[in-house]
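When reading the values below, keep in mind they use all heavy atoms of this one structure, side chains included, and skip hydrogens, waters and symmetry mates.
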Amino acid sequence: MAHVVILGAGIGGVAAAIEAREALKKAHQVTVVSDLPNFQFTPSNPWLAVNWRKPDELKVPLAPVFKKKNIGFTDVGAKRVHPKENRIELNNGESLSYDYLVIATGPKLAFSEIPGLGPHGGHTHSICTLQHAELASKAWEAFCQDPGPIVIGAAPAVSCFGPAYEYAMIVSTDLRRRGIRHKVPMTFVTAEPYIGHLGLGGVGDTKGMLESAFRDRDIKWITNARTTAVEPGVLKCDELNDDGSVKKAHALPFKFAMMMPAFTGIDALMGVEGLVNPRGFVLIDKNQRNPTFPNVFGVGVCVAIPPAEPTPVATGMPKTGYMIESMVTATAHNIAAVIDGKEAKEEGTWNAVCLADFGDRGVAFVAQPQIPPRNVNWSSEGRWVHLAKIAYEKYFLRKVRKGQSEPVYERYIMKLLGIERLRNVLK
């Protein structure tokens with residue numbers, strides 16, 4: 001009997017547990033280790049941060065879901081991973097041994113890399129976690145009673161730009177609905193070399209569409225921005241030229257600010273030789289497998305992927321929802337194959353499908369694969385994206401509650417659209 005442990009219970013971890021359970025024979029054991037009792041739907045955090053959602057609407061208690069699927073679960077969290085010993089040291093002092101480990105932890109938020117960044121001891125808000133978005137939602141109501149300048153954006157080395165764009169647009173929409181948009185100058189500050197780069201080198205015409213959306217909403221922007229410090233009411237950044245020299249130093253006043261931080265690996269992984277890179281991201285091969293410890297797999301935001309291209313200010317590679325799900329499917333198939341004495345040969349397509357909501361409209365894009373050059377490089381915009389994002393939220397939360405990862409009808413609909421999770425390795 002093999003014991004497969006999933007470390008993490010976000011979008012990747014929950015899907016990995018469900019797919020591993022379905023791929024393995026009943027004699028094998030699957031256990032999930034998390035530091036939270038609930039699944040939290042992170043893509044809706046921009047809505048939560050302006051009070052368009054309540055926290056409980058975005059949570060799913062995991063113990064009943066996993067019990068129904070015959071999956072073990074603990075929410076005590078991991079203190080340290082010991083891959084040479086095939087065990088995880090838990091926060092309660094106990095250890096959990098495994099035969100195969102899937103790391104799906106997501107990142108640690110590196111607020112400390114910029115003085116004054118972050119909601120705990122800093123001067124900016126965050127929408128990276130449900131708890132941070134809830135803090136932002138309370139501050140938002142106070143801000144709307146006494147509005148002023150807003151700064152929103154992404155710090156150097158950020159690898160997830162989409163939420164910053166969504167939040168900026170949603171904030172603008174909410175302010176218009178409250179009738180106070182005219183009282184709020186807005187500036188978007190980003191490490192990207194141009195608006196719509198997204199850490200991907202752009203997808204379709206995301207540059208043109210997002211610049212146009214900012215103009216329509218009177219949102220100013222600064223690109224190639226190296227944020228250096230945040231003081232009470234002032235964000236400082238250097239705007240760089242393409243050669244890396246300083247073009248202009250900015251000191252931007254604000255009454256409310258939200259800046260996405262860079263990511264690192266979590267403390268339980270940091271510095272484990274052969275498992276992670278210097279920033280703590282899990283090293284994997286094309287089959288999601290760690291080269292040093294072949295019984296360890298990585299999926300999601302915690303894996304090491306090089307940037308799409310060199311940029312004057314460091315930008316990371318985003319890992320979008322469907323891309324993560326493709327990693328998960330490849331991993332589940334490969335673990336099942338290895339347990340049965342076969343070769344781990346499945347590769348995720350790493351296709352990116354993204355819906356970016358603006359509160360009333362939105363932008364959608366498909367990148368196949370996520371990393372250029374691509375077979376498909378498409379983007380579009382319209383009110384349909386806003387409606388599709390709402391539908392996606394309801395659908396995904398329903399999947400988690402029912403303990404599903406990829407229902408048959410979803411698989412066939414996506415296949416009809418030419419979007420699949422597994423790569424045809426013969427091509």
### Task
Keeping the roles fixed (side chain from Tyr100, backbone from Phe297), state whether a donor-acceptor pair exists under 3.5 Å.
no
### Query
Does a side-chain heavy-atom distance below 4.5 Å link Leu62 with Asn38?
no
### Query
Side chains of Glu410 and Tyr395: do they bring a donor and an acceptor to under 3.5 Å?
yes
### Message
To the closest 0.5 Å, what do you measure between OG1 (Thr223) and CZ (Phe188)?
### Response
10.5 Å
### Query
How many angstroms lie between atom CG of Leu198 and atom NZ of Lys207, to the nearest 0.5 angstrom?
12.5 Å
### Query
Got a sec: does the CD of Glu85 have more than 12 other heavy atoms crowding it under 6.0 Å?
yes
### Query
Is Arg176 reaching over with its side chain to a backbone N or O of Arg217, donor-acceptor style, under 3.5 angstrom?
no
### Query
Side chains of His3 and Asp99: is there a donor and an acceptor less than 3.5 Å apart?
no
#### Entry: Over all atoms of both residues, closest heavy-atom pair of Phe73 and Asp75
CZ-CB, 4.0 Å
### Query
Taking all non-hydrogen atoms of both residues, which atom of Ile127 and which atom of Ala49 are closest, and how far apart?
CG2-CB, 3.7 Å
### Query
Is Lys79 atom NZ crowded by more than 12 heavy atoms from other residues, nucleotides or ligands, each under 6.0 Å away?
no
### Query
Should Trp52 and Asp174 count as side-chain neighbours, where that means a heavy-atom distance under 4.5 Å?
yes
### Message
Do Pro156 and Ile114 have side chains that approach each other closer than 4.5 Å (heavy atoms only, starting at C-beta)?
### Response
yes
### Task
Would you verify whether the NZ or CZ of Arg374 falls within 45 degrees of the ring axis of Trp350 while also being under 6.0 Å from that six-membered ring's centre?
no
### Task
Please step through side chain to side chain contact (heavy atoms under 4.5 Å, CB included) for the pair Phe358 and His386, ending with a clear verdict.
CA-CA 7 Å; Phe358 296 170; His386 171 66; over 6 Å; no
### Distance, nearest 0.5 Å, that separates CD of Glu211 from OG1 of Thr206
9.5 Å
### Query
What do the steps show when you test Val234 against Leu252 for side chain to side chain contact (heavy atoms under 4.5 Å, CB included), and what is the final call?
CA-CA 5 Å; Val234 179; Leu252 302 172; 6.0 Å; no
### Query
Do Asn295 and Asn86 get their side chains close enough for a donor-acceptor pair, meaning under 3.5 Å?
yes
#### Entry: Donor on one side chain, acceptor on other, Thr329 and Arg421, under 3.5 Å
yes
### Query
Got a donor-acceptor contact below 3.5 angstrom from the Ser126 side chain to the Met259 backbone?
no
### Query
With a 3.5 Å cut-off and no angle check, do the side chains of Glu420 and Thr349 form a donor-acceptor pair?
no
### Message
Tell me the closest heavy-atom pair linking Thr292 and Gly274, and the distance in Å.
### Response
OG1-O, 3.2 Å
### Arg279 side chain vs Phe263 backbone, donor-acceptor pair below 3.5 Å
yes
### Query
Can any side-chain N or O of Thr173 pair as donor or acceptor with the backbone N or O of Met169 at less than 3.5 Å?
yes
### Query
Minimum heavy-atom separation for Ala330 to Gln288, with atom names?
CB-CG, 4.4 Å
#### Entry: Glu141 and Arg178 ion-paired at < 4.0 Å
yes
### Message
Within the 4.5 Å heavy-atom criterion, are Ser212 and Glu381 side-chain neighbours or not?
### Response
no
### Task
Classify the angle between the aromatic ring planes of Phe256 and His125 as parallel (below 30°), tilted (30 to 60°) or perpendicular (above 60°).
parallel
### Summary
All heavy atoms of Tyr165 vs all of Gly196, minimum pair found to be OH-N, 3.0 Å
### Message
side chain to side chain contact (heavy atoms under 4.5 Å, CB included) for Arg411 and Ile413? Distances and angles first, verdict last.
### Response
CA-CA 6 Å; Arg411 186 181 308 134; Ile413 289 172; over 6 Å; no
#### Entry: Main-chain N/O of Glu239 paired to Asn224 side chain as donor or acceptor, under 3.5 Å
no
### Task
State, yes or no, whether a side-chain contact exists between Arg80 and His82 at a heavy-atom distance under 4.5 Å.
yes
### Query
Looking only at heavy atoms, which two atoms of Glu231 and Lys236 are closest? And how far apart?
OE2-NZ, 3.0 Å
### Query
Hey, are Arg383 and Asp360 close enough for a salt bridge, meaning a charged N less than 4.0 Å from a carboxylate O?
no
### Any donor-acceptor pair under 3.5 Å from Arg181 side chain to Val184 backbone
yes
### Task
Could you tell me the separation between the CD atom of Glu166 and the CG atom of Asp357, rounded to the nearest 0.5 Å?
6.0 Å
### Task
Take Ile324 and Lys319, measure what side chain to side chain contact (heavy atoms under 4.5 Å, CB included) needs, and give me the verdict at the end.
CA-CA 6 Å; Ile324 293 172; Lys319 293 96 174 181; 4.2 Å; yes
### Task
Taking the side chain as every heavy atom from C-beta outward, state whether Val30 and Ile6 have any atom pair closer than 4.5 Å.
yes
### Message
Ring centroids only, cut at 6.0 angstrom: are Phe396 and Phe41 within range, meaning strictly under it?
### Response
yes
### Message
What I'd like to find out is whether the side chain of Trp378 reaches to under 4.5 Å of the side chain of Gln368, using heavy atoms alone.
### Response
no
### Task
Please report the C-alpha distance between Ser405 and Glu325 in whole Å, then the side-chain angles of each, then the deciding distance to 0.1 Å, and finally whether the side chain to side chain donor-acceptor pair (under 3.5 Å) criterion is met.
CA-CA 8 Å; Ser405 176; Glu325 290 178 311; 5.2 Å; no
### Task
With the side chain counted from C-beta on, respond yes when Ile305 and Val303 share a heavy-atom pair under 4.5 Å apart, and no when they do not.
yes
### Message
Looking only at the side chains, is there a donor atom on one of Ser95 and Glu89 sitting less than 3.5 Å from an acceptor on the other?
### Response
no
### Backbone of Cys237 reached by a side-chain donor or acceptor of Thr227 within 3.5 Å
no
### Arg398, CZ atom: more than 12 neighbouring heavy atoms under 6.0 Å
no
## Note on the structure
Rounding to 0.5 Å, atoms OG1 (Thr190) and CD1 (Ile152) come to a distance of 12.5 Å
### Message
Looking at Lys389, I'd like to know if its NZ atom is crowded, meaning that more than 12 non-hydrogen atoms belonging to other residues, nucleotides or ligands lie closer than 6.0 Å.
### Response
yes
### Query
So, is the end of the Lys399 side chain (NZ or CZ) under 6.0 Å from the ring centre of Tyr392 and within 45° of the ring's axis?
no
### Query
Checking Asn351 side chain against Val366 main chain: does a donor-acceptor pair fall under 3.5 Å?
no
### Task
Kindly indicate, with the supporting measurements, whether the criterion side chain to side chain donor-acceptor pair (under 3.5 Å) is fulfilled by His333 and Glu347.
CA-CA 9 Å; His333 281 70; Glu347 300 176 27; over 6 Å; no
### With Asn290, the side chain to side chain contact (heavy atoms under 4.5 Å, CB included) member among Leu275, Leu101, Ile284
Leu275
### Query
Quick one: CG on Asn287 to CZ on Arg423, what's the gap to the nearest 0.5 Å?
10.5 Å
#### Entry: Glu22/Lys69 ion pair, N-O < 4.0 Å
yes
### Task
For Ser97 and Arg87, indicate whether the former's side chain and the latter's backbone hold a donor-acceptor pair under 3.5 Å.
no
### More than 12 heavy atoms of other groups within 6.0 Å of Lys67 NZ
no
